[in-house]
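Each remark here refers to the structure printed beneath this line.
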Amino acid sequence: MLRDTSRLVQYSIIIYLSSNILLVEADSLFRGYYFGRGPYPFLTDEKITDMTLVPRTIYNPMLPKHVKMVASSISEEIVYSKGFSLDDVLDWKPEDEIIASPLGREINGYLGVRETMDGGRVESVCFVRYPHTLNQKVNPCNYDKKTFLTKRTISAVQAEKYLTGIRRGLRHLHKANLIHNNLTPDNIMISSEDEAVIIDFESTELKDIKLLRIKRTPGWHASKANIAAEENDIAALRRVVGFGLLLAV
């Protein structure tokens, strides 16, 4: 039985009943469930169940051939370096490589990967660090819809520019037979060049695949949509427009 709970890695911000947890012991990573409440110093072996060893190939996969490499010396002020979360441990998919092409500048901001210290494996996936989400740019006070519609200041030119960029990004994604499935104002970034960029592909699936156990933001998707389809993304964009974020004054 594992004993080193002092090195527990938190998955849930607050522990609820039957929470997923990661436990690090020596150089090994284990996944399990914690039944109970209370801070980690009070964890006991009896409250941790279904502890399984996670193969390193899941959270530090081997470097793919011809992958783009990002030097560790590049400042974190311009690069967002994303390691592998528990969700990635459970279901890692290399969509970032699939959708990152010269035609897809409205997609993702993918730069490449960083290598582990011992070499030959992926430590993290790197993206451009953008200054604002669409919501932060257009609705910085985070007003509710009713208030926002009376106070928004986005111009017709700016709204059309963002909307055109998002549509172009979705076309590029759909052309690759990929569906985003979680398009929200917080998953659309605004670059320093004032262009819209779609990010966050944790819920992305190939077209026509059943949507099982994926994260989707409440209020920004059709709850009955259980298949990855282009209409999922189009309907989500309609919600963004309907909120008023991409409507001109």
Side-chain angles (χ1 to χ4, degrees), residues 13 80 87 93 95-96 98-100 103-110 127-249:
I13 295 175
Y80 171 61
D87 291 326
K93 299 178 297 230
E95 266 86 14
D96 295 319
I98 296 172
I99 63 179
L103 297 178
R105 63 191 178 90
E106 294 84 7
I107 289 285
N108 194 315
Y110 170 79
F127 306 89
V128 175
R129 186 179 290 278
Y130 298 105
H132 307 286
T133 66
L134 174 65
N135 196 43
Q136 290 168 339
K137 179 75 174 184
V138 181
N139 184 19
C141 295
N142 203 28
Y143 293 125
D144 59 42
K145 181 177 180 179
K146 183 178 180 181
T147 306
F148 175 69
L149 288 175
T150 66
K151 293 180 177 292
R152 70 186 189 279
T153 58
I154 184 171
S155 69
V157 172
Q158 192 178 33
E160 183 59 31
K161 180 180 181 180
Y162 293 164
L163 193 55
T164 298
I166 297 165
R167 285 172 173 160
R168 190 182 296 122
L170 288 178
R171 283 197 299 271
H172 176 69
L173 192 65
H174 295 163
K175 188 176 179 180
N177 280 327
L178 292 167
I179 310 300
H180 190 283
N181 291 310
N182 195 30
L183 189 71
T184 76
D186 291 319
N187 287 340
I188 300 167
M189 305 301 292
I190 304 302
S191 72
S192 54
E193 291 78 28
D194 202 36
E195 295 184 342
V197 181
I198 300 171
I199 65 161
D200 196 347
F201 292 85
E202 291 183 9
S203 304
T204 299
E205 289 287 0
L206 288 167
K207 186 178 179 181
D208 297 329
I209 294 293
K210 286 186 177 181
L211 300 178
L212 301 173
R213 208 187 67 190
I214 68 167
K215 293 190 299 184
R216 306 177 76 185
T217 306
W220 294 102
H221 70 276
S223 57
K224 294 183 179 180
N226 55 10
I227 298 290
E230 293 182 9
E231 177 57 29
N232 298 355
D233 295 341
I234 295 168
L237 183 55
R238 287 197 203 103
R239 284 179 167 82
V240 175
V241 173
F243 189 86
L245 294 172
L246 293 175
L247 291 175
V249 292

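- Closest of all the heavy-atom pairs between Leu134 and Tyr162 is CD1-CD1, 3.8 Å.
- Shown here for Ala228 and Glu205, the closest heavy-atom pair between the two residues is CB-CB, 3.9 Å.
- Taking the side-chain contact (heavy atoms from CB on, under 4.5 Å) definition, one finds that Thr217 meets it with Asn182, Thr184, Trp220, sequence neighbours left out.
- Every pair passing ring pair (Phe, Tyr, Trp, His ring centres under 6.0 Å) that includes a residue from residues 179-198 is listed here, sequence neighbours excluded: His180-Phe201.
- Residues that satisfy the salt bridge (Lys or Arg N to Asp or Glu O under 4.0 Å) test with Glu160, not counting sequence neighbours, are absent from this structure.
- Judged as a side chain to side chain donor-acceptor pair (under 3.5 Å), and not counting sequence neighbours, Asp208 has no contacts.
- In this structure Lys146 satisfies the side-chain contact (heavy atoms from CB on, under 4.5 Å) test together with Asp144, sequence neighbours excluded.
- Applying the salt bridge (Lys or Arg N to Asp or Glu O under 4.0 Å) test to residues at least two apart or on different chains, the pairs with a partner in residues 178-194 are Lys137-Asp194.
- Evaluation of the salt bridge (Lys or Arg N to Asp or Glu O under 4.0 Å) rule for Lys161 yields no partner, not counting sequence neighbours.
- When side chains are defined from C-beta on, Ile198 does not count as touching Leu173, because their heavy atoms never get closer than 4.5 Å.
- Qualifying side chain to side chain donor-acceptor pair (under 3.5 Å) partners for Asn187, counting only residues two or more places apart in sequence or in other chains: none.
- Of the candidates Ile179, Leu183, Leu178, Leu170 forms a side-chain contact (heavy atoms from CB on, under 4.5 Å) with just one, namely Leu183.
- With values rounded to the nearest 0.5 angstrom, Ile188 atom CD1 is found 9.0 Å from Thr133 atom OG1.
- Taking Phe148 as the reference, Phe243 meet the ring-ring contact (aromatic ring centres under 6.0 Å, His included) condition, with sequence neighbours excluded.
- With sequence neighbours excluded, the residues that form a side-chain contact (heavy atoms from CB on, under 4.5 Å) with Ala229 are Asn232.
- Residues passing the side chain to side chain donor-acceptor pair (under 3.5 Å) test with His174 are Asp233, sequence neighbours excluded.
- Between the side chain of Arg152 and the backbone N or O of Asn139 there is no donor-acceptor pair closer than 3.5 Å.
- For Arg238, the side chain to side chain donor-acceptor pair (under 3.5 Å) partners at least two apart in sequence or on another chain are Glu231.
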